[in-house]
Amino acid sequence: MANTLENPQDSSSSSSSAPKLVLYSHWQSSCSWRVRFALNLKGLPYEYKAVNFAEGEQFTPEFEKLNPLRFVPILVDGDLVVSDSYAILLYLEEKYPQNALLPVDPWLKALNLQAASIVTSSIQPLHMLSVLKIIEEKVGPEERLPWAQYNIEKGFMALEKLLKDWSGKYATGDKIYMSKFPILSMIYESYETLPEFQASLPDRQPDAILVGVPPFGGLLVGTMH
Ligand SMILES: N[C@@H](CCC(=O)N[C@@H](CS)C(=O)NCC(=O)O)C(=O)O
């Protein structure tokens with residue numbers, strides 16, 4: 001497994017009887033990142049397929065067959081194809097129950113799902129590349145950053161409030177920007193110590209372009225939402 005974490009895209013470490021998992025990913029995609037982390041936490045080896053956005057690989061007919069929305073991440077598990085990070089995480093949890101991602105207690109589970117949904121429904125979609133492009137074109141280039149910051153802060157504030165009474169190890173932040181969000185910062189610092197998380201980091205992926213990507217600022221600036 002250590003081999004898997006060191007090199008998750010090396011499918012040679014999987015046993016021949018295990019279904020072959022393939023993840024279509026982009027190194028800067030935050031949606032792909034959470035799936036990489038989950039696969040690593042569950043100890044599931046997978047083949048990493050880099051989708052080159054700069055070359056428009058998401059617009060090829062082959063890719064569109066896998067996900068008509070033309071987004072990463074996409075998980076292929078044998079004959080099955082699942083796209084959308086939230087659905088992939090739930091699929092992995094059901095199909096591969098080892099190292100559970102979700103608690104058993106229904107309320108705690110709901111809290112986890114609510115936090116995940118805030119990220120995937122109320123933060124990421126509001127500042128994804130295509131939305132930022134529209135803001136830039138229709139409103140003005142100078143509005144791009146404030147728009148992204150406003151929506152990230154609004155979502156992070158909600159997460160802070162949601163998680164404030166839940167003092168788990170994996171619930172808090174970072175550096176200057178993140179000092180406003182102490183709970184999220186603490187959770188991130190806890191994650192940072194895990195090898196499964198380290199192996200999922202954008203700059204550890206085979207398609208990473210290493211120039212000028214700040215470590216945690218990368219989550220906010222360097223990642224492709
Ligand atoms: N709700 C989806 C969103 C997927 C998504 O927005 N993916 C982005 C990267 S994080 C993407 O593929 N963008 C490519 C593009 O905009 O062309 C999920 O959570 O997986």
Side-chain angles (χ1 to χ4, degrees), residues 8-9 21-42 44 46 48-77 80-95 101-102 112-138 141 144-145 147-149 151-152 154-156 158-159 184 188 191 197 200-209 213-214 216-225:
Q9 55 280 3
L21 293 169
V22 178
L23 181 69
Y24 288 77
S25 168
H26 184 283
W27 68 285
Q28 286 176 298
S29 151
S30 59
C31 312
S32 305
W33 184 355
R34 48 185 161 265
V35 175
R36 296 194 298 258
F37 186 26
L39 287 163
N40 294 346
L41 283 173
K42 287 189 171 290
L44 295 167
Y46 64 96
Y48 187 101
K49 288 226 181 186
V51 179
N52 189 331
F53 288 163
E55 292 190 3
E57 278 179 6
Q58 73 273 39
F59 300 114
T60 61
E62 298 76 38
F63 191 84
E64 197 184 347
K65 267 188 222 149
L66 294 172
N67 182 3
L69 281 173
R70 306 185 183 108
F71 292 145
V72 293
I74 301 170
L75 182 79
V76 179
D77 184 2
L80 302 174
V81 179
V82 189
S83 55
D84 192 288
S85 62
Y86 193 87
I88 295 171
L89 295 179
L90 292 180
Y91 171 79
L92 290 174
E93 188 72 338
E94 294 255 328
K95 177 93 185 274
L101 304 170
L102 289 168
N112 273 264
L113 294 176
Q114 193 182 343
S117 189
I118 287 174
V119 173
T120 60
S121 306
S122 302
I123 301 179
Q124 187 268 344
L126 294 171
H127 64 100
M128 63 187 304
L129 276 187
S130 48
V131 171
L132 292 181
K133 199 160 172 272
I134 292 170
I135 297 290
E136 210 171 293
E137 286 169 9
K138 307 269 181 205
R144 183 185 158 115
L145 188 61
W147 167 270
Q149 278 173 341
N151 286 295
I152 292 169
K154 187 177 167 207
F156 280 12
L159 285 173
L184 300 180
Y188 188 82
Y191 285 156
F197 184 73
S200 75
L201 285 166
D203 62 7
R204 295 274 301 271
Q205 307 315 306
D207 53 336
I209 298 161
V213 179
F216 182 67
L219 184 65
L220 301 173
V221 181
T223 51
M224 179 169 299
H225 304 282

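In this text the structure is predicted, and so the values were computed from the model without any measurement. As the structure lists them, so they are numbered: ligands from 1, and atoms in each ligand from 1.
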[X] versus ligand 1: do any nitrogen or oxygen atoms come within less than 3.5 Å of each other?
X     : value
Arg70 : no
Asp84 : yes
Val72 : yes
Ser85 : yes

*Report the C-alpha distance between Leu66 and Ser83 in whole Å, list the side-chain angles of each, state the deciding distance to 0.1 Å, and finish with yes or no for side chain to side chain contact (heavy atoms under 4.5 Å, CB included).*
CA-CA 8 Å; Leu66 294 172; Ser83 55; over 6 Å; no
*Could you label the plane-to-plane angle of the Phe197 and Phe37 rings as parallel, tilted or perpendicular, counting under 30° as parallel and over 60° as perpendicular?*
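Phe197 vs Phe37 ring planes: perpendicular.
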_Any side-chain heavy-atom pair of Tyr86 and Arg34 under 4.5 Å_ =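 A side-chain contact is absent here, since even the closest heavy-atom pair is not under 4.5 Å.
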*With heavy atoms only and a cut-off of under 4.0 Å, state how His26 meets ligand 1: side chain, backbone, both or neither.*
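Contact part for His26 vs ligand 1: neither.
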*Any donor-acceptor pair under 3.5 Å linking the side chain of Trp147 with the backbone of Leu126?*
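Yes; judged by distance alone, with no hydrogens or angles, the pair exists.
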_As a quick check of understanding, evaluate side chain to side chain contact (heavy atoms under 4.5 Å, CB included) for Asn112 and Leu101, giving each step before the final call._
CA-CA 9 Å; Asn112 273 264; Leu101 304 170; over 6 Å; no
_Under 3.5 Å side-chain donor-acceptor pair for Asn67 and Tyr24_ =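 Result is no, nothing qualifies.
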_I'd like to check which ligand 1 atoms, numbered from 1 as shown, lie under 4.0 Å from a non-hydrogen atom of Pro73._
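Contacts of ligand 1 toward Pro73, numbered from 1: 20 (O).
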*asked:* Taking 4.0 angstrom as the limit and counting only heavy atoms of Met128, give me the atoms of ligand 1 inside it, by number and element.
replied: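 Answer, ordered by atom number: 6 (O).
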